[in-house]
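For this chain, numbers begin at 1 and follow the sequence in order.
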Amino acid sequence: MSYKGERQELQKALNMKEVLALAFGTMIGWGWIMLAGAWVGSGGTIGAIAAFLLGGIMSIFVGLTYAELTPALPLAGGELVFSYRAMGYNASWFTGWMITLAYLGVAAWEGPALANALGFLFGELLPDMGTLYVVQGSEVTGSFLLIGCLGAIIMTSINYRGAKASAVFQATATLAMSIGGVAFFVTGSVTGELSNLEPFFTDGKGFVAVVLAVPAMFVGFDVIPQAAEEMNIPLGKIGKVMIIAIVMAATWYIIMILGVALSTPGDVLAGFNADPDSVPVADCFAYATGNPVFGKLMIIAAMCGILTSWNGFIVGASRVIFSMARAKMLPGIFAKVHHKHGVPTAAILLVGIITILSPLFGKSALGWFVNAAAFGTVSAYFMVSLSFIILRKKEPELDRPFKIKGGSLVGAIAVIVALFFVSLYLPLYSPTPLQPIEWSMVGGWIILGIILFTINKLGSNGK
């Protein structure tokens with residue numbers, strides 16, 4: 001741990017490969033193994049690929065604003081720092097609090113996702129601990145709670161031991177997931193038929209349905225700014241790593257779509273998509289090889305995606321909380337850095353406690369968390385894109401180790417893209433807007449932040 005006066009800073013422990021694994025592993029997660037079949041079914045093979053190409057290009061415009069600002073202002077908190085420099089304290093608080101909602105919401109979902117994955121993998125071999133209670137029609141079983149809570153404890157412990165420990169874990173799990181995904185794609189290409197690719201397109205409604213799923217699939221590259229203070233790489237390369245991570249994620253989703261489409265005839269895939277107990281990509285792998293063991297192996301690979309995403313969002317959430325506390329927006333305890341491990345332990349423990357408790361709410365409630373989190377993410381994207389434009393005009397002399405060409409145009413497109421992402425969750429034209437209970441969660445989170453902000457500010461003034 002190092003100091004500048006009383007300012008506590010984080011250890012520089014992450015090399016370039018570890019930063020890339022952090023971003024890519026956080027973006028991929030578990031969703032692709034459950035949803036790739038539905039994407040092909042909804043939009044057709046080429047339609048689904050086009051949706052992800054469009055989403056990737058749109059994300060790159062937002063990512064470019066992050067890529068320039070992160071090495072220019074390489075401090076933990078990312079969005080918090082950018083918006084503070086551009087628009088001041090209040091805008092910074094809003095941005096930081098919304099991205100914290102985003103990371104916590106997704107991190108809270110990972111424990112139940114792990115429990116579901118192990119259920120698919122081992123089925124009746126898991127101990128039957130009975131149903132404890134029901135939340136919104138969803139049974140909460142003893143085994144569900146045990147797996148979700150234990151997983152959260154393990155992931156919190158890994159992060160508590162320092163950025164290097166979490167980075168090594170991230171790189172290992174990302175590699176294992178990648179090997180499984182590539183094996184599936186190669187198998188599908190070799191054993192499948194080109195005729196399985198039909199239909200190439202369905203209709204406009206199906207294409208839009210896939211587009212609506214795209215923003216959530218690219219969330220995660222923004223954890224790089226959160227860990228900027230812990231990166232031991234040249235500042236000019238941080239932006240390049242971020243763009244590479246987005247391109248890698250887009251490539252991953254496209255090869256998974258192709259693997260699903262090539263390996264499995266349309267009628268068989270439709271059966272997988274309609275079966276609530278199916279894991280479509282795993283079932284496609286089993287179909288392509290004629291051996292259910294390969295489906296199990298695919299689930300194991302995808303479980304690594306759960307862990308990489310979980311780890312990345314714990315890193316992101318804890319660093320934003322740390323940065324907000326260091327900026328006097330949250331109680332000072334969250335700005336404390338461990339004397340040995342060099343990480344914000346109080347912030348990590350807070351995130352850990354939330355993820356440990358989240359399985360108590362059951363599967364239904366966690367869907368609300370994820371949707372509210374997605375809105376928090378795109379709100380932060382808008383604030384960062386706007387900060388990029390303001391800082392280009394306000395501080396043209398700011399040292400920018402990675403400066404993008406055509407900044408004004410890129411910034412304007414990024415703002416439009418971010419507003420489009422925000423609109424996907426509004427009850428205007430979107431077929432899947434946030435539900436009232438999810439709006440209540442967003443509003444409640446903002447009110448909680450205002451209360452903590454006020455308490456902390458009054459306490460600081462009283463000293």
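- Although no hydrogens or angles enter the test, the distance criterion places a donor-acceptor pair under 3.5 Å between the side chain of Asn273 and the main chain of Gly37.
- Remark: the backbone N or O of Leu80 is paired with a side-chain donor or acceptor of Ser83 at under 3.5 angstrom.
- Of the possible polar contacts, one joining the Trp97 side chain to the Trp445 backbone as a donor-acceptor pair under 3.5 Å is found.
- At a cut-off of 3.5 Å, with distance as the only test, a side-chain donor of Ser309 or Glu110 sits close to an acceptor on the other residue.
- Counting only distance, with no hydrogens or angles, the side chain of Thr95 and the backbone of Ala380 share no donor-acceptor pair below 3.5 Å.
- Side-chain contact between Leu121 and Ile300 is present, with heavy atoms from C-beta onward closer than 4.5 Å.
- The two residues Ala152 and Ile356 have their closest heavy-atom pair at CB-CG1, 3.5 Å.
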Return all side-chain donor-acceptor pairs below 3.5 angstrom for residues 233-258, not counting sequence neighbours, or 'none' if the list is empty.
from: Thr251; atom 1: OG1; to: Val247; atom 2: O; distance (Å): 2.8
from: Tyr253; atom 1: OH; to: Met27; atom 2: O; distance (Å): 2.9
from: Tyr253; atom 1: OH; to: Met217; atom 2: O; distance (Å): 2.7

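- Note that CZ of Phe24 and CE of Met177 are 5.0 Å apart. Values are rounded to the nearest 0.5 Å.
- Counting heavy atoms of neighbouring residues, nucleotides and ligands inside a 6.0 Å radius, atom CD of Glu395 exceeds 12 of them.
- Counting heavy atoms from C-beta outward, Val40 and Thr45 have side chains that approach closer than 4.5 Å.
- Across all non-hydrogen atoms, the minimal contact from Ala51 to Val211 is CB-CG2, 3.8 Å.
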* side chain to side chain contact (heavy atoms under 4.5 Å, CB included) evaluation trace for Val260 with Phe184 -> CA-CA 9 Å; Val260 166; Phe184 166 64; 3.9 Å; yes
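- Minimum heavy-atom separation, Thr308 to Ala173: CG2-CB, 3.4 Å.
- Around CZ of Phe272, the count of heavy atoms belonging to other residues, nucleotides or ligands within 6.0 Å exceeds 12.
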* **Evaluation steps, side chain to side chain contact (heavy atoms under 4.5 Å, CB included), between Arg85 and Lys394** => CA-CA 10 Å; Arg85 189 73 169 250; Lys394 182 180 177 182; over 6 Å; no
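- Counting only heavy atoms from C-beta outward, the side chains of Thr156 and Ile348 approach each other to under 4.5 Å.
- Of the possible polar contacts, none joining the Glu79 side chain to the Gly96 backbone as a donor-acceptor pair under 3.5 Å is found.
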* Apply side chain to side chain contact (heavy atoms under 4.5 Å, CB included) to the pair Asn371 and Gln435, showing each step before the final yes or no. => CA-CA 9 Å; Asn371 291 335; Gln435 300 303 306; over 6 Å; no
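- Smallest separation of non-hydrogen atoms from Leu434 and Phe375: CD1-CB, 3.8 Å.
- In this structure, Phe313 CZ and Asn159 CG are separated by 13.0 Å, a value rounded to the nearest 0.5 Å.
- Screening Leu53, Ile413, Ile416, Val417 for a side-chain contact (heavy atoms from CB on, under 4.5 Å) involving Met58 leaves a single residue, Val417.
- In this structure, Phe421 CZ and Phe382 CZ are separated by 14.0 Å, a value rounded to the nearest 0.5 Å.
- The heavy-atom pair separating Ser263 from Pro265 by the smallest distance is O-CD, 4.1 Å.
- Of the possible polar contacts, one joining the Thr355 side chain to the Gly352 backbone as a donor-acceptor pair under 3.5 Å is found.
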* Could you walk me through whether Phe294 and Leu297 pass the side chain to side chain contact (heavy atoms under 4.5 Å, CB included) test, one step at a time? => CA-CA 5 Å; Phe294 286 92; Leu297 292 175; 4.2 Å; yes
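- Ile404 contributes atom CD1, which lies 9.5 Å from atom CG of Leu409 (distance to the nearest 0.5 angstrom).
- Each of Lys403, Arg392, Lys405 was compared with Glu68 under the salt bridge (Lys or Arg N to Asp or Glu O under 4.0 Å) criterion, and only Arg392 meets it.
- Summarising the geometry of Thr174 relative to Gly25, their closest heavy-atom pair is OG1-CA, 3.8 Å, with the distance given to 0.1 Å.
- Within 6.0 Å of the NZ atom in Lys17, the count of heavy atoms belonging to other residues, nucleotides or ligands does not exceed 12.
- More than 12 heavy-atom neighbours from other residues, nucleotides or ligands sit within 6.0 angstrom of CZ on Phe52.
- A heavy-atom distance below 4.5 Å is found between the side chains of Gln170 and Thr26.
- One finds the CG atom of Leu75 at 10.5 Å from the OG1 atom of Thr70 (value rounded to the nearest 0.5 Å).
- Looking at heavy atoms from C-beta onward, Leu194 lies in side-chain contact with Leu262 at the 4.5 angstrom threshold.
- Taking the side chain as every heavy atom from C-beta outward, Phe221 and Val62 approach each other to under 4.5 Å.
- Taking 4.5 Å as the limit, some side-chain heavy atom of Trp439 sits within range of a side-chain heavy atom of Leu426.
- For the atom pair CG of Leu104 and CG of Leu350, the computed distance is 7.0 Å after rounding to the nearest 0.5 Å.
- The closest donor-acceptor contact from the side chain of Ser423 to the backbone of Phe420 lies under 3.5 Å.
- The ring of Phe388 has its center no closer than 6.0 angstrom to the ring center of Phe61.
- Between the Ser318 side chain and the Val315 main chain, a donor and an acceptor come within less than 3.5 Å of each other.
- Here the side chains of Leu73 and Leu391 are in contact, with some heavy-atom distance below 4.5 Å.
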